[in-house]
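As the structure is a computational prediction, the values presented were derived from the model and not from experiment.
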Amino acid sequence: MITEGILREKLGGWKRSSYCGEVGSAQIGSQVTLMGWVQKRRDHGGLIFIDLRDREGIVQVVFNPEKGAGTHEKAHSLRSEFVIAVKGAIGKRPAGTENPELKTGAIEVYAEELKVLNDSAPLPFMIEEESDVAETTRLKYRYLDLRRLSLQRKIILRHKVSACVRNYLAQHGFLEIETPVLTKSTPEGARDFLVPSRLSPGQFFALPQSPQIFKQILMIAGFDRYYQIVRCFRDEDLRADRQPEFTQIDAEMSFVESDDVISVMEGLISAVFKEGVGIELQPPFPRLTYAEATSRFGVDNPDTRFGLELKDLSSIVAKSGFKVFADVLAKGGVVKAICAKGAAEFSRKDLDDLTEVAVSFGAKGLAWVKLTDEGWQSPIAKFLSDEEKAGIEKTLGAVKGDLLLFAAGKLSTANTVLGRLRLNLGARLRLVPAGTFNFTWVTEFPMFDYDEAEKRHVAVHHPFTAPMDEDIDLIDTAPLKVRAKAYDLVLNGVEIGGGSIRIHTSDVQSLVFDMLGISREDAELRFGFLLEALKYGTPPHGGIAFGLDRIMAIMTASDSIRDVIAFPKTQKATCPMSEAPSTVDMKQLEEIFIRIVKKQAEKE
RNA sequence: GGGGCCGUAGUUAAGUUGGUCAUAACGCCGGCCUGUCACGCCGGAGGGCGCGGGUUCGAGUCCCGUCGGCCCCGCCA
């Protein structure tokens, strides 16, 4: 009896005959042995119903006092999440008692023998399909959270996708080769996680932000095609789609150009989405150049599931009497706008919200126009001529009932502001169709960007990306005009992967380092082994890396990648379950020659 | 580094202008119940409102600070 000490029986040679979720009408009449967790007990005093759960699903077990009083008595003591084994016969449920909600709802198990393998303390929260429990609590008891079938299905699907990736890439000649986790810090890019070396006092390993250099070295070594499903580490602030450790599907190929990589990877993504969500994608996927993507959608990761594209009105309002527009244009800026169909009825509050969005992305303010029965309703209407108004309406395809939103300023600012407003409006107006997967390659990224804070050029992709052949002479003269052989794959407005053709000659690599303000000495110190390797017969090569977590999040319609990672971290990069990170013993610190320096506030 | 939202029983939440407001549902415990699957019915236990100050005769309710969570900007080659 449970009340007099816990009853915990041994398996005693019992073998499971199938998973709970796998029994069905086909087995009616046959004997089964099932093992799993008690999802729910419905005790009628006489009949007792137990929903028995394992990773494949739930089946109803019936305990009847007339079929073994001892077994029935034991069933009475069962509680949620007790671990049990049941022997019995599969039977068709009596007419009218079928449960269409359950996959196994046509049948039930008539229990003859029961073993209570383990009990369970009362739960901190219920194991339910859909949970509204606070995420911290769920993460603290992640093993319970993961028992929820909805979460198990996501983790299981992730496994299937990984298996599919390995299968596809192996079939296409890619070799799975492991690269070091303890590696060398490369100051370009994200902040590194550092690991002190006990055997080299004062020196540190870094956890890889990606296996970038190693996979290039593998190409130099002649492996021709490499892949790895690999953990990467970046010590930056977290987001819903960013974890400090995340998983990449990483691949590299030799003797290829951009189109070759893209083509093989379209096959991979198609295989993965067939496996994952059962849809047949139709490669080749649409492509946009970076210039076109930012011009039409405002961002380099365009969500192409809906329209609401940006239009340039600069030429129309070039001689405008509206000072804000005129001033911006005089300074070389642009005036762009979007037209939200049917949004003329937006309230003052709606417009305030949109203005707030615009300002948060760098706008000075937000000019708007409602096209109503009375014509232009807008704070700026009086500054614009009829001719200008007509031109704006024509360019935007605006009609009565529409709302027009304007951004004036630097091209990049105007694009960003309208691009983000577009996304906000897309959600607000429910323009985004559910269940669609729109893939777009974005190509011809700029090689360099200018970092105002650091007063130097930085690589938009990474320092090993090759420039486009026709732009190579611009590196010295007009670096910001140089386009790279880089490509991102965007799915529903989310960057799910990116890659490039790499520089495979040491002279071009040195030139690019020069451009990035990395001195010869610095380059030698940081990437010396790569520069050295490039000298010894490096084949042309390129590759790509996909964010597996993001792909899985989209496939499973999850709001956060935390839902597709078995053990994710909180926004402060902690693990509520293991309570990592934590302090360590002084002895451990001494061994690695580390001393903790307290923050000023703590000293006092 | 910054902005926003949140923190009341195991869980999810309600708590008016500060004064029986500590409340509900689910869960849990006990009892009854042979067709339930949000089982039903009866009874019961359980928190002092994230933490620390302050204002007040009196504070989940106001103020300050702090910790934690989530979303976002910066950051993330």
Side-chain angles (χ1 to χ4, degrees), chain A residues 2-3 39-52 58-67 72 76 79-81 93-102 104-105 108 110 120-141 144 186-192 209-210 212-213 232-244 246 353 356-357 359-362 416 420 424 445 447-449 451 453 457-465 484 486 495 498 500 512 516 518 526-527 545 547 559-560 562 569-572 574 576 601:
Chain A
I2 287 297
T3 48
Q39 173 72 29
K40 187 81 183 175
R41 176 185 60 126
R42 288 178 297 281
D43 189 342
H44 290 234
L47 284 181
I48 297 172
F49 299 96
I50 296 288
D51 290 338
L52 190 62
I58 290 175
V59 69
Q60 174 165 279
V61 181
V62 185
F63 291 88
N64 191 323
E66 291 156 16
K67 296 200 176 174
H72 178 268
H76 186 68
R79 294 293 182 274
S80 290
E81 300 308 307
R93 290 198 188 190
T97 66
E98 300 88 353
N99 184 353
E101 304 287 309
L102 275 186
T104 62
E108 55 195 358
Y110 299 114
S120 167
L123 300 164
F125 53 83
M126 286 183 275
I127 314 291
E128 294 174 308
E129 189 81 350
E130 293 308 319
S131 174
D132 58 352
V133 175
E135 201 172 354
T136 323
T137 311
R138 290 173 44 201
L139 290 179
K140 179 173 178 188
Y141 301 96
L144 296 181
T186 53
E188 285 288 297
R191 194 177 292 115
D192 287 319
Q209 296 174 26
S210 82
Q212 182 58 39
I213 294 178
C232 302
F233 307 86
R234 292 176 193 177
D235 189 7
E236 297 292 346
D237 288 354
L238 280 63
R239 288 286 192 283
D241 61 353
R242 279 167 25 192
Q243 284 272 304
F246 60 99
D353 288 349
E356 204 175 304
V357 171
V359 169
S360 76
F361 288 97
T416 302
R420 303 308 291 237
N424 188 295
F445 277 80
M447 236 351 235
F448 306 108
D449 196 8
D451 187 319
H457 289 94
V458 293
V460 168
H461 195 58
H462 59 52
F464 317 111
T465 299
E495 181 201 326
S500 63
V512 169
L516 294 172
I518 301 172
R526 299 172 185 183
F527 315 113
D559 291 328
S560 158
R562 292 187 299 275
K569 294 188 169 51
T570 67
Q571 197 160 60
K572 270 193 69 189
T574 65

Check your understanding: Syn or anti: how is B:rG48 classified when any glycosidic angle within 90° of 0 counts as syn?
Key -> syn
Exercise for review: Have a look at B:rG60 and give me syn or anti from its glycosidic angle (syn if within 90° of zero).
Suggested key: syn
Could you tell me how far [M] sits from [N] if I compare only their [atom1] atoms? Round to whole Å.
| N | M | atom1 | result |
| --- | --- | --- | --- |
| B:rC51 | B:rU8 | P | 10 Å |
| B:rG50 | B:rA38 | P | 35 Å |
| B:rC67 | B:rA24 | C1' | 29 Å |
| B:rG1 | B:rU12 | P | 29 Å |
| B:rA45 | B:rC37 | C1' | 28 Å |
| B:rU23 | B:rA14 | C1' | 7 Å |
| B:rG58 | B:rG2 | C1' | 38 Å |
| B:rG40 | B:rC26 | C1' | 16 Å |

Pairing check on [N]: which nucleotide meets the Watson-Crick or G-U wobble criteria with it, both distances under 3.5 Å?
| N | answer |
| --- | --- |
| B:rA9 | none |
| B:rC37 | none |
| B:rC70 | B:rG4 |
| B:rU56 | none |
| B:rA45 | none |

Revision key, fill the gap. Judged by nearest nucleotide, the residue sitting upstream toward the 5' end of RNA chain B, A:R42 or A:P463, is A:R42
Rounded to whole Å, please give me the gap between [atom1] in [X] and [atom2] in [N].
| X | N | atom1 | atom2 | result |
| --- | --- | --- | --- | --- |
| A:R93 | B:rG35 | CZ | C1' | 9 Å |
| A:E81 | B:rG27 | CD | P | 14 Å |
| A:D449 | B:rG74 | CG | P | 13 Å |
| A:L52 | B:rU36 | CG | P | 21 Å |
| A:L47 | B:rC37 | CG | C1' | 13 Å |
| A:H76 | B:rC29 | NE2 | P | 11 Å |
| A:K40 | B:rU36 | NZ | C1' | 11 Å |
| A:E356 | B:rC71 | CD | P | 19 Å |

Check your understanding: Does A:F63 have its ring centroid less than 6.0 Å away from the ring centroid of A:Y110?
Key -> no
**Study point:** A:D43 and A:R41 ion-paired at < 4.0 Å
**Key:** yes
Choose from [options] the nucleotide whose nearest atom is closest to any side-chain atom of [X].
| X | options | value |
| --- | --- | --- |
| A:R239 | B:rC75, B:rG30, B:rC37 | B:rC75 |
| A:Q571 | B:rC37, B:rC71, B:rG69 | B:rC71 |
| A:R242 | B:rC76, B:rU36, B:rC71 | B:rC76 |
| A:S80 | B:rC28, B:rC37, B:rC75 | B:rC28 |
| A:R420 | B:rU36, B:rC72, B:rC76 | B:rC72 |
| A:D237 | B:rG1, B:rC37, B:rC76 | B:rG1 |
| A:T574 | B:rC73, B:rC39, B:rG69 | B:rG69 |

Point to revise | Residue A:E236 excluded, over 12 heavy atoms near CD under 6.0 Å | key: yes
Please confirm whether the backbone N or O of [Y] pairs with a side-chain atom of [X], one donor and one acceptor, at under 3.5 Å?
| X | Y | result |
| --- | --- | --- |
| A:T104 | A:I58 | yes |
| A:T97 | A:P94 | yes |
| A:Q209 | A:A190 | yes |

If you look at every strand shown and take non-hydrogen atoms under 4.0 Å, does [X] touch a base, only sugar-phosphate, or nothing?
| X | result |
| --- | --- |
| A:R562 | sugar-phosphate |
| A:D235 | nothing |
| A:V62 | nothing |
| A:T465 | nothing |
| A:E129 | nothing |
| A:T97 | base |
| A:F361 | sugar-phosphate |

Review point. On a plain distance test, is the side chain of A:E108 in donor-acceptor contact with the base of B:rG35 below 3.5 Å?
Key: yes
Review point. What residues, two or more places apart in sequence or in another chain, satisfy side chain to side chain donor-acceptor pair (under 3.5 Å) together with A:T574?
Key: A:T570
Practice item. Verify the contact: side-chain N or O of A:S360 to OP1 or OP2 of B:rC73, cut-off strictly under 4.0 Å; return yes or no. Key: no
Practice item. Kindly say if A:R79 contacts the phosphate of B:rC29, meaning a side-chain N or O under 4.0 Å from OP1 or OP2. Key: yes
Exercise for review: Can you sort out the partners of A:P244 under side chain to side chain contact (heavy atoms under 4.5 Å, CB included), two or more places apart, ordered by chain and number?
Suggested key: A:F193, A:L238, A:K569, A:A573
Review point. Side chains of A:R562 and A:Q571: donor-acceptor distance under 3.5 Å anywhere?
Key: no
Check your understanding: Has A:H44 got its ring stacked on the base of B:rU36, with centres under 5.5 Å and planes less than 30° apart?
Key -> no
Check your understanding: How far does NE2 of A:H457 sit from CG of A:L516, to the nearest 0.5 angstrom?
Key -> 9.0 Å
Study note, to complete from the structure: Readout for nucleotides 2-15 of chain B: B = base within 4.0 Å of protein heavy atom, S = sugar-phosphate only, - = neither; 5' to 3' it is --------SSS---
Practice item. Apply ring-ring contact (aromatic ring centres under 6.0 Å, His included) to A:H44 and A:F49, showing your working. Key: CA-CA 8 Å; A:H44 290 234; A:F49 299 96; 5.5 Å; yes
